[in-house]
Peer 1: 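Before I ask anything, let me first share the structure, which is written out below as structure tokens.
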Amino acid sequence: MNLVETEFLFCILSGFFLFHSLSRITEEWKRKDLLFQWTVITALGFILTESLKKWGIYSELWNTDSIFAYIAKSNLLLFLSYTSLEERIFTFKVYRRLFVSIFLYLFWVFVLFGIQFFQTNILVQDNTLILPFAISLGAFVWAREMFWNLEENKEMKLGDDSLRFVYLCFLPVAFLVLSPWKVDWSFYKQVANLLIYGISSHVGFQLVSKFKKQIVPEESEMGIWIGAIAFSTCLGTEIVVVLPLSILSGIFGRLLYSYLSSLSWSGPGLRGVISFLYPSVLGIFLPFLLEEPNGWVHAPYVLLGVQVLYFLSFYLVACLSFGIILLNKQK
């Protein structure tokens, strides 16, 4: 399978992110409004990128050379933009809503360039590029829960999990289209590993639910994201070593879910923190546990400092960006 076929496959796969977001919205006008925003932002982004290329401003990281890769990246960033605020975006007036959506989209584009800076100049232990997205989105969700509560979202209803388990498994994998080594055949082995990590953490998550005899909404989604994100920094490690830890991460994720729900967190807040912030914290430190020292990109204490800086940089910038959005919130 060549690069074009891979990009086409991941372009289709990334479309599930948009379907996944739309499937959560119950009101028809909100779905239509969101589709309009996504179409406008994708078109404007394409025109702007093409215009800059004509003027000699070009980046390998964000370009339109491959339309499939461009759409896949755009779909991922649109998903992140919507998930940053979820239905709170509809509390803005129409023009302000479009402005906030474009602001969020540009924020995620700049996250891409922030990743490139860390990868090329500072060197971090993260070979899939998933972690910064999870850190930033986790920061958005945490700030959203702390400073922008919607009372109607406070109801916690226990019930059957969604039956979208099969395609949910592939959602984290779609981010690997951003990885620099997708032209190699080993890429597909890494994709398979990421799937296995996600499924095993989902097993751990469900074990606690079965023990407590409580099935929570979207537990498949949360369980899969935990393993896929947390262990994305350790691809290549012996799978026999990773699987027990991945199951354990799912167990602790479910226990954290129970603790936060006892604090009356909203459903979207719980889902975001458990799916993104919790595994990203694990992913920062897991290389020290699972990677051989001769595979570390820095000496131990330097690597620790770099990994912590990696986390704090994206976390704090995301919180600052959320603060700018909060200033524009309707009273």
Side-chain angles (χ1 to χ4, degrees), residues 10 14 17 45 59-62 69 72-85 103-144 171-182 190-191 194 197-198 224-235 249 272-288 291 296-298 302-325:
F10 275 72
S14 68
F17 276 93
S59 171
E60 289 291 339
L61 195 62
W62 188 256
K73 291 177 184 178
S74 186
N75 285 346
L76 295 175
L77 300 193
L78 287 168
F79 164 77
L80 291 167
S81 300
Y82 172 70
T83 308
S84 300
L85 296 181
F103 174 83
L104 283 169
Y105 187 80
L106 290 175
F107 166 80
W108 292 109
V109 171
F110 282 113
V111 166
L112 281 174
F113 289 95
I115 293 169
Q116 185 184 43
F117 172 76
F118 271 95
Q119 291 287 325
T120 57
N121 293 282
I122 299 181
L123 300 180
V124 293
Q125 202 80 27
D126 178 19
N127 55 2
T128 62
L129 313 182
I130 297 177
L131 216 52
F133 297 106
I135 294 167
S136 301
L137 188 54
F140 263 103
V141 172
W142 180 87
R144 192 182 72 196
L171 286 186
V173 173
F175 276 97
L176 293 187
V177 77
L178 300 167
S179 299
W181 31 261
K182 61 179 179 292
Q190 309 293 17
V191 168
L194 209 62
Y197 298 160
I224 290 165
W225 279 106
I226 288 172
I229 291 174
F231 295 91
S232 65
T233 55
C234 303
L235 289 180
S249 70
V273 168
I274 301 301
S275 299
F276 302 108
L277 190 58
Y278 162 67
S280 65
V281 172
L282 289 180
I284 286 292
F285 299 105
L286 276 173
F288 293 97
E291 291 280 345
W296 294 354
V297 292
H298 295 289
V302 176
L303 182 61
L304 177 61
V306 167
Q307 294 293 98
V308 172
L309 178 65
Y310 193 47
F311 178 86
L312 290 177
S313 297
F314 291 102
Y315 186 89
L316 294 175
V317 172
C319 286
L320 175 63
S321 300
F322 182 85
I324 294 171
I325 294 171

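Below, all heavy atoms of this structure are taken into account, side chains as well, without hydrogens, waters or symmetry copies. Nothing fancy with the numbering, it's 1 onward along the sequence.
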Peer 1: For a 4.5 angstrom cut-off between non-hydrogen side-chain atoms, does S249 reach F231?
Peer 2: yes

Peer 1: Can you name the closest pair of heavy atoms from F276 and A134 and give their distance?
Peer 2: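 Heavy-atom minimum between the residues: CB-O, 3.6 Å.
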
Peer 1: With sequence neighbours excluded, tell me which residues meet side-chain hydrogen bond (donor to acceptor under 3.5 Å, both in side chains) with Y105.
Peer 2: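 For Y105, the residues satisfying side-chain hydrogen bond (donor to acceptor under 3.5 Å, both in side chains) (neighbours in sequence not counted) are S74.
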
Peer 1: Looking at L123, is its backbone amide N or carbonyl O close enough to the side chain of H298 to form a donor-acceptor pair, meaning the two atoms are under 3.5 Å apart?
Peer 2: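 Yes; at least one donor-acceptor contact below 3.5 Å.
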
Peer 1: What is the distance from atom CG of L282 to atom CG of L131, rounded to the nearest 0.5 Å?
Peer 2: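 So the CG of L282 and the CG of L131 are separated by 10.0 Å.
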
Peer 1: With sequence neighbours left out, what residues match L320 under side-chain contact (heavy atoms from CB on, under 4.5 Å)?
Peer 2: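 Applying side-chain contact (heavy atoms from CB on, under 4.5 Å) to L320 gives none.
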
Peer 1: Report the residues that fulfil side-chain hydrogen bond (donor to acceptor under 3.5 Å, both in side chains) with Y310, sequence neighbours left out, ordered by chain and then residue number.
Peer 2: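 Result, side-chain hydrogen bond (donor to acceptor under 3.5 Å, both in side chains) vs Y310: D126.
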
Peer 1: To the nearest 0.5 Å, tell me how far F133 CZ sits from S232 OG.
Peer 2: 11.5 Å

Peer 1: Look at atom CZ of F110 and say whether more than 12 heavy atoms of other residues, nucleotides or ligands are closer to it than 6.0 Å.
Peer 2: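 Atom CZ in F110 is not crowded, with 12 or fewer foreign heavy atoms closer than 6.0 Å.
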
Peer 1: Apply side-chain hydrogen bond (donor to acceptor under 3.5 Å, both in side chains) to W62 and list each qualifying residue two or more places apart in sequence or on a separate chain.
Peer 2: T49

Peer 1: Any chance you could measure S84, atom OG, to R144, atom CZ, to the nearest 0.5 Å?
Peer 2: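 Result: 8.0 Å between the selected atoms.
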
Peer 1: I need the I224 CD1 to L171 CG distance, nearest 0.5 Å.
Peer 2: 8.0 Å

Peer 1: Under the criterion side-chain contact (heavy atoms from CB on, under 4.5 Å), I'd like the reasoning laid out for I115 against L178: C-alpha separation, chi angles, the key distance, then a yes or no.
Peer 2: CA-CA 11 Å; I115 293 169; L178 300 167; over 6 Å; no

Peer 1: Do Y278 and I229 pass the side-chain contact (heavy atoms from CB on, under 4.5 Å) test, and can you show the C-alpha distance, the side-chain angles, and the key distance before you say yes or no?
Peer 2: CA-CA 9 Å; Y278 162 67; I229 291 174; over 6 Å; no

Peer 1: Answer whether the closest heavy-atom distance between the side chains of I226 and Y197 falls below 4.5 Å.
Peer 2: no

Peer 1: Between L194 and A228, which heavy-atom pair has the shortest distance, and what is it?
Peer 2: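 Where L194 meets A228 most closely, the heavy atoms are CD1-O, 3.2 Å.
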
Peer 1: Which atom pair, heavy atoms only, marks the closest approach of L76 to A174?
Peer 2: CD1-O, 3.7 Å

Peer 1: Look up atom CZ in F107 and atom CZ in F103, then write down how far apart they are to the nearest 0.5 Å.
Peer 2: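 Reported value, rounded in 0.5 Å steps: 8.0 Å.
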
Peer 1: Considering all heavy atoms of both residues, which atom of T83 and which atom of V141 are nearest to each other, and what is their separation?
Peer 2: O-CG2, 4.4 Å

Peer 1: Counting C-beta onward and ignoring hydrogens, is there a side-chain heavy-atom pair between W142 and F322 closer than 4.5 Å?
Peer 2: no

Peer 1: Taking all atoms of both residues into account, what is the closest heavy-atom pair of V111 and P132, and its distance?
Peer 2: CG1-CB, 4.3 Å

Peer 1: Taking atom OG of S136 and atom CG of L104, what is their separation to the nearest 0.5 Å?
Peer 2: 11.5 Å

Peer 1: Test of understanding: with side-chain contact (heavy atoms from CB on, under 4.5 Å), list the residues that count as partners of Q125, not counting sequence neighbours.
Peer 2: P287, E291, W296, V297, L303, Q307

Peer 1: Mind telling me whether W108 and F140 have parallel, tilted or perpendicular rings, with 30° and 60° as the class edges?
Peer 2: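 Ring orientation of F140 relative to W108: tilted.
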
Peer 1: Checking T233 now: which residues fulfil side-chain hydrogen bond (donor to acceptor under 3.5 Å, both in side chains) with it, not counting sequence neighbours?
Peer 2: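 Testing T233 for side-chain hydrogen bond (donor to acceptor under 3.5 Å, both in side chains), a comparison that skips the adjacent residues, returns none.
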
Peer 1: How about F175 and F17: are their ring centroids closer than 6.0 Å?
Peer 2: yes

